[in-house]
Amino acid sequence: MDKFDKAIISELRKNARHSISHIAEAVNLSRSAVSERIKKLEQREIIRGYQVLLSESQKEGVSAYFEIQHQCPRCADVVHVFHAIPEVITCRGITGDMDLLVYVQANSMRRLHEIREFIDAQTDIIKIKTHVVMSEWIDNQGENI
């Protein structure tokens with residue numbers, strides 16, 4: 001990634017709905033150059049998607065972090081379990097006693113419990129700890145709420 005790609009990503013982080021013209025002006029490139037760069041960033045999965053961030057008052061459901069310990073030789077050998085759960089937002093390898101940190105957003109506590117039970121029932125899963133999110137102080141862009 002060069003300085004232009006970084007500048008485009010910075011503009012998209014501010015507001016992914018800005019027009020190509022607005023982004024092009026902000027980063028001093030032509031509209032076609034910005035469009036092509038965004039397309040390449042998406043193809044290389046540097047940009048993996050776009051999302052809607054709701055204010056706290058508009059959120060429903062429940063989110064939680066699962067700390068997972070497994071018995072597989074590699075974390076990649078158990079990740080397929082989490083691909084099968086549409087509510088999984090992220091799955092990251094971590095250091096320490098646990099192997100993975102999985103972030104889930106479910107529409108209800110009941111669904112969160114079902115997801116936890118499904119994960120716990122997998123033969124390769126040794127231990128699972130659940131941390132329900134009570135409040136969010138910083139959003140995914142690193143800004144204070």
Side-chain angles (χ1 to χ4, degrees), residues 1-27 31 34-145:
M1 279 194 340
D2 64 12
K3 69 178 185 175
F4 291 110
D5 289 339
K6 290 176 183 175
I8 290 168
I9 289 171
S10 176
E11 288 300 312
L12 289 171
R13 281 186 171 150
K14 290 177 191 172
N15 185 345
R17 295 197 56 179
H18 275 311
S19 68
I20 297 296
S21 297
H22 176 88
I23 296 170
E25 185 177 320
V27 301
R31 289 179 303 183
V34 169
S35 292
E36 186 62 30
R37 284 174 176 267
I38 290 173
K39 183 178 176 182
K40 286 180 181 176
L41 290 167
E42 290 170 344
Q43 288 171 343
R44 292 175 25 215
E45 294 187 0
I46 293 170
I47 295 175
R48 296 185 301 155
Y50 302 88
Q51 65 184 6
V52 174
L53 299 174
L54 298 175
S55 66
E56 282 299 312
S57 64
Q58 297 300 309
K59 289 183 179 177
E60 293 182 11
V62 61
S63 54
Y65 290 91
F66 294 132
E67 288 183 69
I68 308 289
Q69 187 178 41
H70 62 81
Q71 61 185 7
C72 294
R74 301 173 321 143
C75 287
D77 296 337
V78 76
V79 170
H80 66 90
V81 169
F82 307 104
H83 279 294
I85 305 167
E87 291 88 350
V88 169
I89 306 301
T90 61
C91 176
R92 297 193 167 118
I94 58 174
T95 61
D97 294 337
M98 302 304 257
D99 301 306
L100 297 169
L101 185 64
V102 178
Y103 180 63
V104 175
Q105 291 179 336
N107 62 4
S108 68
M109 189 60 83
R110 175 181 290 174
R111 178 61 185 143
L112 182 65
H113 179 72
E114 291 170 355
I115 293 166
R116 188 188 191 290
E117 292 294 307
F118 172 77
I119 294 169
D120 204 24
Q122 304 301 307
T123 57
D124 290 327
I125 303 300
I126 297 170
K127 185 176 183 181
I128 181 170
K129 286 184 183 177
T130 305
H131 304 277
V132 176
V133 175
M134 300 295 291
S135 348
E136 182 179 312
W137 302 107
I138 298 174
D139 69 18
N140 73 338
Q141 296 179 23
E143 300 170 6
N144 291 331
I145 294 180

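Along the sequence shown, residues carry numbers from 1. As the structure is a prediction and not an experimental result, all values here were calculated from the model.
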Nearest 0.5 Å please: distance from the SG atom of C72 over to the CD atom of Q122.
10.5 Å

Using a 6.0 Å cut-off, check whether atom CD of E45 has over 12 heavy atoms from anything other than its own residue.
no

Begin with the C-alpha distance, continue with both residues' side-chain angles, and end with the deciding distance and a verdict on side-chain contact (heavy atoms from CB on, under 4.5 Å) for I119 and F82.
CA-CA 8 Å; I119 294 169; F82 307 104; 3.8 Å; yes

Checking the side chain of E87 only, and the main-chain atoms of N107 only, is there a donor and an acceptor separated by less than 3.5 Å?
no

Between V27 and A7, which heavy-atom pair has the shortest distance, and what is it?
CG1-CB, 3.4 Å

Q105 (side chain) donor-acceptor with I89 (main chain) under 3.5 angstrom:
no

Measure the spacing between CZ of R116 and CD1 of I125 and express it to the nearest 0.5 Å.
11.0 Å

State the CE-OG distance between M134 and S63, to the nearest 0.5 angstrom.
10.5 Å

Verdict with supporting geometry, I68 and V81, side-chain contact (heavy atoms from CB on, under 4.5 Å)
CA-CA 12 Å; I68 308 289; V81 169; over 6 Å; no

Mind checking side chain to side chain donor-acceptor pair (under 3.5 Å) for D77 and listing every partner two or more places apart, or none if nothing turns up?
R74

What are the two closest heavy atoms between I115 and F66, and how far apart are they?
CG2-CE1, 3.8 Å

Say you draw a straight line from CG of L41 to CG of L12; how long is it, rounded to the nearest 0.5 Å?
8.5 Å

Less than 3.5 Å apart, any donor N or O on the side chain of E67 or Y65 sitting next to an acceptor on the other?
no

Exceeds 12 heavy-atom contacts within 6.0 angstrom, atom CD of E25:
no

Answer yes or no: is there an ion pair linking E11 with K14, defined by an N-O contact shorter than 4.0 Å?
yes

Ion pair E42/K39, N-O distance below 4.0 Å
no

Is any side-chain heavy atom of V34 less than 4.5 Å from a side-chain heavy atom of F4?
no

If you round to the nearest 0.5 Å, how far is CG of D120 from CD1 of I126?
11.5 Å

If we ignore hydrogens and angles and just use 3.5 Å, is the side chain of D99 paired with the main-chain N or O of H70 as donor and acceptor?
yes

Between I9 and M1, does a side-chain contact (heavy atoms from CB on, under 4.5 Å) hold up when you go through it step by step?
CA-CA 10 Å; I9 289 171; M1 279 194 340; 3.5 Å; yes

Taking everything shown except M109 itself, do over 12 heavy atoms lie less than 6.0 Å from its CE?
no

Can you sort out the partners of S35 under side chain to side chain contact (heavy atoms under 4.5 Å, CB included), two or more places apart, ordered by chain and number?
I20

Any side-chain heavy atom of I8 within less than 4.5 Å of one from I47?
no

What distance separates I46 CD1 from K40 NZ, expressed to the nearest 0.5 Å?
11.5 Å

Mind checking what makes side chain to side chain donor-acceptor pair (under 3.5 Å) contact with D2, not counting sequence neighbours?
R37

Does NE2 in H80 sit with more than 12 non-hydrogen atoms of other residues, nucleotides or ligands closer than 6.0 Å?
yes

Heavy-atom closest pair (V62 atom, S108 atom, distance to 0.1 Å) is CG1-O, 3.4 Å

